[in-house]
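Everything below concerns the one structure shown next.
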Amino acid sequence: MTGPSLGHPVYRDMPTTIFEHMSARARDTGAINLGQGFPEGPGPRAVLQAAADALLTRSSQYPPMAGLPELRAAIADHYARHQQLDLNPQEVIVTSGATEAIAASLLALVKPGDEVLMLAPLYDAYLPLVERVGGVAKVVTLTPPDWRVTREALSAAITPRTRILLMNNPVNPTGIVLREAELALLADLCVTHDLVALCDEVWEQTVYDGVPHRPLIALPGMRERTVKIGSAGKIFSVTGWKVGWMCAAPPIATLLARAHQFLTFTTPPGLQWAVAEGLAYPDAWFSDQRAAYQASRDRLAAGLGAAGYVVQPSGATWFLSIDLPASGIALDDVTFCERIIEEAGVAAIPISAFYPAKPVTHLVRLCFSKSDDTLDQAIERLAAFRATLG
């Protein structure tokens with residue numbers, strides 16, 4: 001007697017994600033984890049205190065499905081102040097993390113057979129979520145070192161069945177910020193081909209070197225056809241909280257809320273109140289946090305450079321990448337990552353893991369949202385490893 005045939009093939013045939021694999025290896029070996037993207041430490045004291053106070057003094061029962069009114073208003077106010085957007089609180093739906101927002105958006109907006117345009121390298125959740133809802137992935141591959149988005153490549157991928165553009169800006173894993181001309185091109189293609197843009201903008205407060213974040217929803221023609229997705233976990237360096245949101249014009253927001261109500265339905269209210277308080281912090285709080293992460297980026301880049309590694313520029317996120325051949329290293333990215341975790345005691349992520357096909361195999365991503373001491377130890381270990389390669 002045989003057992004039942006179990007599992008949807010999207011998940012049945014899927015390996016453990018590279019992030020969980022490398023983090024588990026780091027835990028098992030005691031390696032410094034510069035792989036998975038999370039900061040060291042518990043998070044900013046003020047935000048944590050706000051959550052603790054809310055947990056003890058406010059309700060712990062179901063909050064409204066679409067999010068606490070205080071948080072929805074705070075998100076709209078935050079974007080008005082920082083990005084000059086004119087969102088109404090009713091256009092904001094709070095989710096249990098940005099990944100849930102992406103899932104809810106795809107469930108709400110993609111019908112079986114609809115094509116979803118994506119840019120690779122891409123966040124690993126995108127492809128399985130698109131395929132699980134019955135969408136057809138149309139992946140445009142960007143190439144280093146500039147990772148340029150071109151009209152030719154996008155136009156060649158768009159067909160009459162293309163309905164959605166799913167994009168990340170600033171971009172994980174490359175650390176780039178899409179340029180003004182590229183955003184204008186994406187907006188023009190969305191309007192011309194009647195596409196809805198799902199914009200994963202969780203890194204919007206980690207843009208460096210004085211460059212402002214420009215949301216796609218602000219470009220001409222995009223206000224009524226964009227879902228803007230954000231993350232308190234990234235903004236406040238509390239990745240385990242899993243508080244996110246999606247913002248869209250009312251006809252789209254209504255659909256998003258209907259999908260969300262049958263996923264997580266809601267998000268812990270104490271964390272929502274804390275995020276609402278945090279989003280109202282003065283501008284200097286956010287600029288100070290950006291400056292601290294920029295200093296960490298520069299510390300890691302300088303240390304790796306002194307050790308003989310060539311790193312790609314990183315204009316945003318918590319990540320920068322080592323260019324292996326430019327560094328004189330004749331290893332592919334997976335082999336390099338496997339060797340440094342064993343021989344140097346440092347965990348990293350191969351960029352090839354972010355491609356569904358035809359991967360770039362010469363770049364390795366490192367997370368710099370760590371303490372100076374941790375970064376210095378990692379640099380020392382990687383320098384010693386580099387010396388063994390000759």
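Here the structure is a predicted model, which means the values were calculated and not measured.
In this structure, CD1 on Ile102 lies 5.0 Å from CD1 on Ile229, to the nearest 0.5 angstrom. Note that the CD1 atom of Ile217 and the CG atom of Asp86 stand 8.5 Å from one another [nearest 0.5 Å]. Considering OG of Ser352 and NE2 of His362, their distance stands at 11.0 Å, rounded to 0.5 Å. Atom CG of Asn169 is separated from atom NZ of Lys228 by 9.0 Å, given to the nearest 0.5 angstrom. Atoms CE and CG, from Met118 and Leu198 in turn, are 10.5 Å apart once rounded to the nearest 0.5 Å. Here the CG atom belonging to Asp146 is positioned 11.0 Å from the OG1 atom belonging to Thr174, to the nearest 0.5 angstrom.
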* Please report the C-alpha distance between Ile329 and Arg386 in whole Å, then the side-chain angles of each, then the deciding distance to 0.1 Å, and finally whether the side chain to side chain contact (heavy atoms under 4.5 Å, CB included) criterion is met. => CA-CA 8 Å; Ile329 298 173; Arg386 179 68 187 85; 3.8 Å; yes

* Evaluate side chain to side chain contact (heavy atoms under 4.5 Å, CB included) for Met222 paired with Leu186, printing each intermediate quantity in order. => CA-CA 10 Å; Met222 296 306 295; Leu186 291 170; over 6 Å; no

* Check against side chain to side chain contact (heavy atoms under 4.5 Å, CB included), Asp77 and Leu279 -> CA-CA 8 Å; Asp77 291 345; Leu279 288 172; over 6 Å; no

* To do: Apply ring-ring contact (aromatic ring centres under 6.0 Å, His included) to the pair Phe286 and Tyr293, showing each step before the final yes or no.
  => CA-CA 11 Å; Phe286 299 96; Tyr293 282 133; over 10 Å; no

* To do: Dump the intermediate steps for side chain to side chain contact (heavy atoms under 4.5 Å, CB included) on His8 and Arg132, then the final yes or no.
  => CA-CA 8 Å; His8 191 283; Arg132 186 61 185 89; 3.3 Å; yes

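Between the side chains of Glu115 and Thr159, at least one donor N or O sits under 3.5 Å from an acceptor N or O. Side-chain contact of Glu40 with Ser371: a donor-acceptor pair under 3.5 Å is present, judged by distance alone. Inspection of the Glu100 and His260 side chains reveals an N or O donor paired with an N or O acceptor under 3.5 Å. At a cut-off of 3.5 Å, with distance as the only test, no side-chain donor of Tyr355 or Thr361 sits close to an acceptor on the other residue. Donor-acceptor pairing under 3.5 Å is lacking for the side chains of Asn172 and Thr317.
Taken together through direct or relayed side-chain contacts under 4.5 Å among Ile, Leu, Val, Met, Phe, Trp and Tyr, Trp147 and Leu165 form part of one hydrophobic cluster. Leu324 and Ile349 fall into different hydrophobic clusters, where Ile, Leu, Val, Met, Phe, Trp and Tyr residues are linked whenever their side-chain heavy atoms come under 4.5 Å apart, directly or through other members. Hydrophobic clustering, with ILVMFWY side chains joined whenever heavy atoms are under 4.5 angstrom apart, groups Val110 together with Ile252. No single ILVMFWY cluster, assembled from side-chain heavy atoms under 4.5 Å apart, contains both Val227 and Ile75. Hydrophobic clustering of Ile, Leu, Val, Met, Phe, Trp and Tyr side chains at less than 4.5 Å, counting indirect connections, unites Val171 with Val149.
Using a 4.5 Å heavy-atom threshold, the side chains of Val94 and Arg72 count as touching. Side-chain atoms of His213 and Pro170, non-hydrogen and from C-beta on, do get closer than 4.5 Å to each other. Counting heavy atoms from C-beta on, the side chains of Met246 and Thr95 come closer than 4.5 Å. Side-chain contact check for Thr226 versus Leu219: every heavy-atom pair is 4.5 Å or farther apart. Counting heavy atoms from C-beta on, the side chains of Ile176 and Gln312 never come closer than 4.5 Å. Proximity of Leu304 to Leu320: side-chain heavy atoms (C-beta onward) are separated by under 4.5 Å at one or more points. In this structure, the side chains of Val275 and Trp245 come closer than 4.5 Å at one or more pairs of heavy atoms. For the pair Cys190/Arg225, a side-chain contact is recorded, criterion being any heavy-atom separation below 4.5 Å from C-beta on.
For Asp376 and Arg299, the salt-bridge test passes: some basic side-chain N is under 4.0 Å from an acidic carboxylate O. Using a 4.0 Å cut-off between a side-chain N of Lys or Arg and a carboxylate O of Asp or Glu, Glu204 and Lys234 do not qualify as a salt bridge. Note on Glu91 versus Arg223: salt bridge recorded, some NZ/NE/NH1/NH2 to OD/OE distance being below 4.0 Å. A salt bridge links Arg25 to Glu338: one of the charged nitrogens lies within less than 4.0 Å of a carboxylate oxygen. Between Arg297 and Asp209 there is a salt bridge, since at least one side-chain N of the basic residue sits less than 4.0 Å from a carboxylate O of the acidic one.
Remark: Arg45 CZ is loosely packed, at most 12 non-hydrogen atoms of other residues, nucleotides or ligands lying under 6.0 Å away. Within 6.0 Å of the CZ atom in Arg258, the count of heavy atoms belonging to other residues, nucleotides or ligands does not exceed 12. Counting heavy-atom neighbours within 6.0 Å of Glu380 CD, excluding the residue itself, gives a total of 12 or less. For Tyr11, the OH atom sits in a packed shell: over 12 heavy atoms of surrounding residues, nucleotides or ligands are nearer than 6.0 Å.
No donor-acceptor pair under 3.5 Å is formed between the side chain of Arg365 and the backbone N or O of Pro173. Panel note: side chain Asn168, backbone Asp200; a donor-acceptor pair is recorded below 3.5 Å. At least one donor-acceptor pair under 3.5 Å links the side chain of Glu182 to the backbone N or O of Arg179. Judged by distance alone, with hydrogens and angles left aside, the side-chain atoms of Glu277 form no donor-acceptor pair with the main-chain N or O of Ala50 at under 3.5 Å. Although no hydrogens or angles enter the test, the distance criterion places a donor-acceptor pair under 3.5 Å between the side chain of Arg163 and the main chain of Pro160. A distance-only check finds a donor-acceptor pair linking the side chain of Gln289 to the backbone of Ile235 [under 3.5 Å]. Using modelled atom types, no side-chain atom of Thr206 and backbone atom of Ala316 make a donor-acceptor pair closer than 3.5 Å.
Centroid-to-centroid, the aromatic rings of Phe385 and Tyr309 stay 6.0 Å apart or farther.
The aromatic rings of Tyr281 and Phe236 sit perpendicular, their planes meeting at an angle over 60°, well past the 30° parallel limit. Relative orientation of the Phe319 and Trp203 rings is perpendicular, given thresholds of 30° and 60° on the angle between their planes.
The minimum heavy-atom distance linking Thr267 with Pro63 is given by the pair O-CG, 3.5 Å.
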